[in-house]
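The figures that follow rest on heavy atoms only: side chains count, while hydrogens, waters and symmetry mates do not. All values reported here derive from a predicted model rather than from experimental measurement. Chain letters run A, B, ... following the sequence lines, proteins first and then strands; every chain starts at 1.
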Amino acid sequence: MSIIDKIVLNPVQREAVLYDDGPQLVFAGAGTGKTRVLTAKIAWLIEQGLYPAEIFAATFTNKAAREMRSRVEALTSLPVEGMWIGTFHSMCARILRREGTHIGYLPSFTIYDTADQLSLMKKVLKSLQIDDRSMPPRQALGKISSYKNSCTPPEKLENEARSFYDQELIRVYKAYQKALRDQQAMDFDDLLANTVYLFERAPAVLERYRHAFKHVLVDEYQDTNTAQFLFLKLLSQNHGRVFVVGDDDQSIYGWRGAQIENILSFEREFPGTKVFTLEQNYRSTKVILDFANAAIKENQTRAPKKLWTSRDSGDEVTVNRFRDDRQEGDAVAERIEELQRKGVKGGDMAILFRTNAQSRVFEEVLRRRKIPYILIGGISFYERAEIKDCLAYLRLLVNPKDNVSFERIFNLPSRGLGEKAYENLAELAGKRNESLLEALLTGDPAALAPRYQQGFSEVRDIFALLADCEKQHEPPPQIFNEMLKLSGYMDMLTGEDTEESAGRIENINELANALTIWTEEQHPDKGLADFLEEVTLATDVDAWDQKDEAVNMMTLHCAKGLEFRCVFLVGLEDGIIPSRQNFDDEKKVEEERRLLYVGITRAMQRLECSHVDYRWRFGDLIPGYPSRFLQSIPQELYTFRDRSNYFGTPAAEEKKKAKKERAGLRQASLLTPSARPRTPVYDRDDFSQETVEFRMGQFVTHRIYGRGRIVSISGFGEDMKLSVLFNDGSRKKLMAPYIRTALSYTTNK
DNA sequence: GGCGTAAGACTTTTT
DNA sequence: GTCTTACGCC
């Protein structure tokens, strides 16, 4: 029985799988069976006699790669270890480890994450004597990143730099790249760009890979950047067997250099392309699809298409209006409990939001109500300080040129070494033209100032001993334990004996466990370096172990490619989605609309959207309005419920609480942060109309703080902030909507 | 050199 | 509200 009969495919899907005559572009709308087609295609190719090792398939996450690999194995009943399937970044890293010598890199190079990049950039700016304020490190990194994403080395920019800033930026770009090279490190962008440079500079190498990969497949093609496009072109030019799958309506990584044009102009770039369009959706109900189609329709830059389904209408899509984000959190939690009582598993539900900061409220309310949840993304495990510290030790062991890691740990735990000691060693390293650790290990100890010798000899011993362990081929988990002991890091934490240090120890134990499982159960033949690479290139979704009971929470970006029975799409306000920062650029607004579209199309059966009137931000309450995207969706496609509830029980509760707090305030006369009421009480008619004008010196009242006088005004409209001197002597900064003129207060009373 | 407090920045999204 | 950085004191 052929593969093609083992997997259910509709006519278009089947055609796409069986076509074998040059470049193929598959427009696969959300939920149209994209993964199915991709899997079937690979399995079919293998059935046709292709060796798995001749297939190069790029997926968006490592998790997707793992799943696809096992599905292909199930279909073909063949082991397919040799197949190259993974993220662009991980496969480029693999190529660069093998071939990097052609561009000046050892196989042991380190991959720098965003935090490492930042510390390196700070060092670079310092060495060039450029002030942080004239060129913020993050900004410089952002610009350099976009250059690298389009494979533009600094040399290519030299003739175009007009302004002083641009010239400085080129200097910084060059110095940054040199610093990376010097310490045998690459950042995420380098993995892609350097592979392209490698192919350009070493044609023989390119030829080998062209020959090796007979078929190139790419998932989520709409999110590829120029570097990835060039990579694909180089790799597939002579045979033209490129199979890309994507959906321009789900292109959401433009800010990271992704070019939606890549998918829109694929046919032009790869002549003879055959296009397939999948429009039948198998995921969502008709009601949800209608809602999604209406949302995305507004976009100008898109290939025309419309999802359809043969499924039933399904439950209504709801749009709820809440008073503030806390009420939104409570209401969503209540709905979750309700659905759980009806038998829906937590794992079938997801709360999706635009920004990570929005997760907080939901975490709090779910924890309070003891509803299990998983937060995907945010500050990941591997970004925690103690984890990064441990990894820095290990990274140094693999690559002793890594100065960023050295700087992180040379005085951790404290060995009496500080900035002056660092400079002392850096001077020695400079003279010897070595990295910091190399200079320490091989240089003359007497060259260092006597007061630092004790501390530095401790560091020297640690790495000398660890290097021995490695030489004797001790397994990674054992080396890790040695490191914890020798470095004194564990002792430092046990010595602290606080709740915080206990948590850190727990995290480190978790890391140790992960390393043990990784080594013993999954990769007995691999070493520390491989573990470190996997850990830095892991996506947020990779670390997600979906549980039956736990409600899923993540950003819209993270949710791409996933599906859930019930989806709560929260915080749909203008300024959140679309993000305020993208207001000015219609192209960016379109990307935000696609982001909303991605969110909507995650839902299989039930979609509940919400927006709030007020949102807490930086300790302030900011007014908000329903997203412009919602406003452009016809009303008959959803059920609107105003649940803003300004008069109900919660408000009454808060009124009582606020009264108490107010009494406390008067007594304390000191406005300590804890004494400050966290939630102002507001009735609908409390809000001043936008037309109300405030002026300096005016008497006003506030529900909680009472009567006072305006001493300064900033901002305007709904964002206006007033500084008010109250009768009890306190001075507060307040949002205009919560303040009324004294006159209206008395009439209301 | 280490530690504490205070002021300031920060939030879009991530390999 | 939280995290990072700067500065002053021990």
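Remark: P of C:dC3 and CD of A:Glu383 are 13 Å apart, rounded to the nearest angstrom. Between the CD atom of A:Gln358 and the P atom of B:dC10 there is a distance of 19 Å, rounded to whole Å. One interatomic measurement links the two molecules: CG of A:Leu621 to P of C:dG1, which rounds to 13 Å at whole-angstrom precision. Computed from coordinates, the A:Glu419 CD to B:dG1 C1' distance equals 11 Å when rounded to whole Å. One interatomic measurement links the two molecules: CD of A:Gln228 to P of B:dT15, which rounds to 13 Å at whole-angstrom precision. Distance CE (A:Met554) to P (B:dT13): 15 Å, rounded to an integer number of Å. Per the geometry, OH belonging to A:Tyr112 stands 18 Å off C1' belonging to B:dT15, to the nearest Å. Separating the NZ atom of A:Lys63 from the P atom of B:dT15 is a distance of 14 Å, rounded to the nearest angstrom.
Remark: ring of A:Phe88 does not overlap the six-membered base ring of B:dT15 in a stacked fashion, as centroids less than 5.5 Å apart with planes less than 30° apart are not both met.
Under the 3.5 Å distance criterion, with hydrogens and angles disregarded, a donor-acceptor pair is assigned to the side chains of A:Thr539 and A:Asp542.
Between A:Leu192 and A:Arg415, the one whose closest nucleotide on DNA chain B sits nearer the 5' end is A:Arg415.
Relative to the side chain of A:Tyr452, the nucleotides B:dT14, B:dT13, B:dG1 differ in distance, and B:dG1 lies closest. Proximity note for A:Thr539 (side chain, C-beta onward) versus B:dT11, B:dT15, C:dT5: the nearest is B:dT15. The nucleotide whose nearest atom lies closest to any side-chain atom of A:Ala421 is, among B:dG1, C:dT5, B:dG2, B:dG1. Closest to the side chain of A:Ser414, out of B:dT14, B:dT11, B:dG2, is B:dG2. Relative to the side chain of A:Lys420, the nucleotides B:dT13, B:dT14, B:dG1 differ in distance, and B:dG1 lies closest. You'll find that the side chain of A:His89 is closest to B:dT15, out of B:dT11, B:dT15, B:dT14. The side chain of A:Phe188 lies closest to B:dT15 when the candidates are B:dG2, B:dT15, C:dT5.
Within the 4.0 angstrom heavy-atom criterion, only backbone atoms of the sugar-phosphate kind lie near A:Asp540; the bases stay farther away. The residue A:Leu417 sits close only to the backbone: its heavy atoms come under 4.0 Å of sugar-phosphate atoms, none of a base.
Note on A:Asn411: a side-chain N or O is less than 4.0 Å away from OP1 or OP2 of B:dG2. At B:dT14, one or more side-chain N or O atoms of A:Thr555 fall inside 4.0 Å of OP1 or OP2 (strictly under the cut-off). One finds a side-chain N or O of A:Asn356 lying less than 4.0 angstrom from the OP1 or OP2 phosphate oxygen of B:dT13. Listed pair A:Arg360 / C:dT2 meets the phosphate criterion, a side-chain N or O lying under 4.0 Å from OP1 or OP2. The phosphate of B:dT14 has neither OP1 nor OP2 within less than 4.0 Å of any side-chain N or O from A:Lys560.
Legend: residues meeting salt bridge (charged side-chain N to carboxylate O under 4.0 Å, His left out) with A:Glu383, ordered by chain and number and at least two apart, are absent.
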Give the table of side-chain donor-acceptor pairs shorter than 3.5 Å for residues 115-124 of chain A, with sequence neighbours excluded, one pair per line with atom names and distance.
from: A:Asp116; atom 1: OD1; to: A:Lys388; atom 2: NZ; distance (Å): 3.0
from: A:Asp116; atom 1: OD1; to: A:Arg395; atom 2: NH2; distance (Å): 3.3
from: A:Asp116; atom 1: OD2; to: A:Asp113; atom 2: N; distance (Å): 3.0
from: A:Asp116; atom 1: OD2; to: A:Arg395; atom 2: NH1; distance (Å): 3.0
from: A:Asp116; atom 1: OD2; to: A:Arg395; atom 2: NH2; distance (Å): 3.2
from: A:Gln117; atom 1: OE1; to: A:Tyr176; atom 2: OH; distance (Å): 3.4
from: A:Ser119; atom 1: OG; to: A:Ala115; atom 2: O; distance (Å): 3.1
from: A:Ser119; atom 1: OG; to: A:Asp116; atom 2: O; distance (Å): 3.2
from: A:Lys123; atom 1: NZ; to: A:Glu407; atom 2: OE1; distance (Å): 3.0
from: A:Lys123; atom 1: NZ; to: A:Glu407; atom 2: OE2; distance (Å): 2.9

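Under 4.0 Å is where a charged nitrogen must lie from a carboxylate oxygen, and between A:Arg368 and A:Asp330 at least one such pair does. Of the charged side-chain nitrogens involved, none lies within less than 4.0 Å of a carboxylate oxygen, so that A:Lys588 and A:Glu591 do not count as a salt-bridged pair.
Note: A:Phe88 and A:Phe56 have tilted aromatic rings, judged against thresholds of 30 and 60 degrees for the angle between ring planes.
Using atom P as the reference point in both B:dT13 and C:dT4, the two lie 15 Å apart (nearest Å).
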